[in-house]
Amino acid sequence: MAEETKKEQTASNIDSEKQAKLKRQTEADNQDEEIKQMDPKELRNKLSNKNQDYVFRLEKELQLQGSISRAEAVEMTDKLLGEIIMAQRHGQPANGLYLASPKIKAEQMLHPDKKPVATPFWQLAIDGALMYLAIFVGLFGIVALFETKKQSANSQMGILTLASVGIGMVKYNDWIMPKNGKRQSWAKIILGMIAVVVVLFVWIWLLSLPALKPINPVLPGEVDIIIAAIAFGARYLFRRYYKITGSPFAPNV
């Protein structure tokens, strides 16, 4: 008797959970339907700060790339507001929804029949390596300026170490980027991060061996800053020449 009562309670709990889930889904569907019927002005007031910035930059890009007026750009983005708000309700920002930066999204909207051309990996690798080189070498150079010679010798990394770390990060970013519009699983991202950290630690240890110091010298802070500035300028010219619009952190975004 007690066992039958327990089974009935379990069945009742399952039914209650199903009803609650169905109710939540119905409410979500009703809210989505309400959003579809809302006026664009009302929808704009519901945008998060992040999505407001995305829409603002998208309109600027539409005006720039399409040589159209602001009113025309606003009219084009009005058509996207409903789906942006619906995605926002589920915690997904516009750049995650479209997997494209405002610049790339504007190009897609202006030329819907044009197939996107993927940037070759070697271009992304050079672009990312130059960016990381500018960041790491610049930061270490600034730190070196405020250290004594003894402190600098103990805490600074060699120039080859800093350059190679950037190349490793580029490969990791390419590995975890969305493929065919699908994001990588968290397990792959975390395991990849652990693998990169282990490899980098081993590589940094190898480059710190006394025998390799002649090819991996610790440079003065002033020299590091000059190298960082050159790397930054070279990256700017490289991106401009090859018309690279993505980012090493998100090449397709």
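From a predicted model like this one, the values you see are computed outputs, not experimental measurements. This chain uses plain numbering: 1 for the first residue, then up along the sequence.
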(request) Could you grab the distance from atom CD1 of Ile84 to atom CG of Leu43, nearest 0.5 Å is fine? (result) 9.5 Å
(request) Please report the closest heavy-atom contact between Ser69 and Gln63, naming both atoms and the distance. (result) O-CG, 3.9 Å
(request) Would you please name every residue forming a salt bridge (Lys or Arg N to Asp or Glu O under 4.0 Å) with Glu59, sequence neighbours left out? (result) Arg44
(message) Within the 4.5 Å heavy-atom criterion, are Lys50 and Asn95 side-chain neighbours or not?
(response) yes
(request) Sorted by first residue and then second, give each side chain to side chain donor-acceptor pair (under 3.5 Å) pair with at least one member in residues 194-204; sequence neighbours left out. (result) Ser164-Trp203
(message) If you compare all heavy atoms of Tyr54 against all heavy atoms of Ala94, which two are closest, and at what distance to 0.1 Å?
(response) CD2-CB, 3.5 Å
(message) Treating Glu72 as the side-chain partner and Gly66 as the backbone partner, does any N or O pair qualify as donor plus acceptor under 3.5 Å?
(response) no
(request) Report the hydrophobic cluster partners of Leu191, with the cluster defined as I, L, V, M, F, W, Y residues connected by side-chain heavy atoms closer than 4.5 angstrom, directly or transitively. (result) none
(message) On a heavy-atom basis, which atom in Ala231 and which in Leu130 lie closest, and how many Å separate them?
(response) CB-O, 3.8 Å
(message) Nearest 0.5 angstrom please: Phe140 CZ to Leu145 CG, how far?
(response) 13.5 Å
(message) Any non-hydrogen side-chain atom of Leu81 less than 4.5 Å from a side-chain atom of Leu47?
(response) yes
(request) Looking only at non-hydrogen atoms, find the nearest pair between Ala228 and Ala134 and report the distance. (result) CB-O, 3.4 Å
What donor-acceptor contacts under 3.5 angstrom involve side-chain atoms of residues 207-222, with partners at least two apart or in another chain?
from	atom 1	to	atom 2	distance (Å)
Ser208	OG	Ile204	O	3.4
Ser208	OG	Trp205	O	2.6
Asn216	OD1	Ile159	N	3.4
Asn216	OD1	Leu160	N	2.8
Asn216	OD1	Thr161	N	3.1
Asn216	ND2	Thr161	OG1	2.9
Asn216	ND2	Leu207	O	3.1

(message) Tell me whether Ile85 shares a hydrophobic cluster with Met38, the cluster being built from Ile, Leu, Val, Met, Phe, Trp, Tyr side chains joined at under 4.5 Å.
(response) yes
(message) Could you check whether any side-chain N or O of Glu61 sits under 3.5 Å from a backbone N or O of Glu107, counting only pairs where one atom can act as donor and the other as acceptor?
(response) no
(request) Working to the nearest 0.5 Å, report the span between CD of Gln92 and CG of Asn51. (result) 9.5 Å
(request) Hey, could you give me the CE/CG distance between Met131 and Asp127, rounded to the nearest 0.5 Å? (result) 7.5 Å
(request) Report yes if the side chains of Met109 and Leu58 come closer than 4.5 Å at any heavy-atom pair, otherwise no. (result) yes
(message) Apply ring pair (Phe, Tyr, Trp, His ring centres under 6.0 Å) to residues Phe232 and Tyr236 and explain how you reach the verdict.
(response) CA-CA 6 Å; Phe232 182 83; Tyr236 172 79; 7.6 Å; no
(message) Do Met76 and Leu110 have side chains that approach each other closer than 4.5 Å (heavy atoms only, starting at C-beta)?
(response) yes
(message) My understanding is that only residues two or more places apart in sequence, or in another chain, count here; which of them pass salt bridge (Lys or Arg N to Asp or Glu O under 4.0 Å) with Arg70?
(response) none
(message) Using side-chain heavy atoms (C-beta onward) and a distance below 4.5 Å, is Leu139 in contact with Val143?
(response) no
(message) Looking at Phe238, I want to see if its CZ is surrounded by more than 12 non-hydrogen atoms of other residues, nucleotides or ligands under 6.0 Å.
(response) yes
(message) I want to check something: taking the side chain as every heavy atom from C-beta on, are Gln65 and Lys103 in contact at a cut-off of under 4.5 Å?
(response) yes
(message) So does Ile244 get a backbone contact from the side chain of Gln123, meaning a donor-acceptor N/O pair under 3.5 Å?
(response) no
(request) Of all the heavy-atom pairs spanning Met86 and His90, show the shortest one and how long it is. (result) O-CD2, 3.0 Å
(message) A side-chain contact here means heavy atoms from C-beta on lying under 4.5 Å apart; do Met193 and Ile190 qualify?
(response) no
(request) Tell me, please, which residues at least two apart from Glu83 pass side chain to side chain donor-acceptor pair (under 3.5 Å). (result) Tyr98
(message) Please check if the number of heavy atoms outside Gln52 that lie under 6.0 Å from its CD is greater than 12.
(response) yes
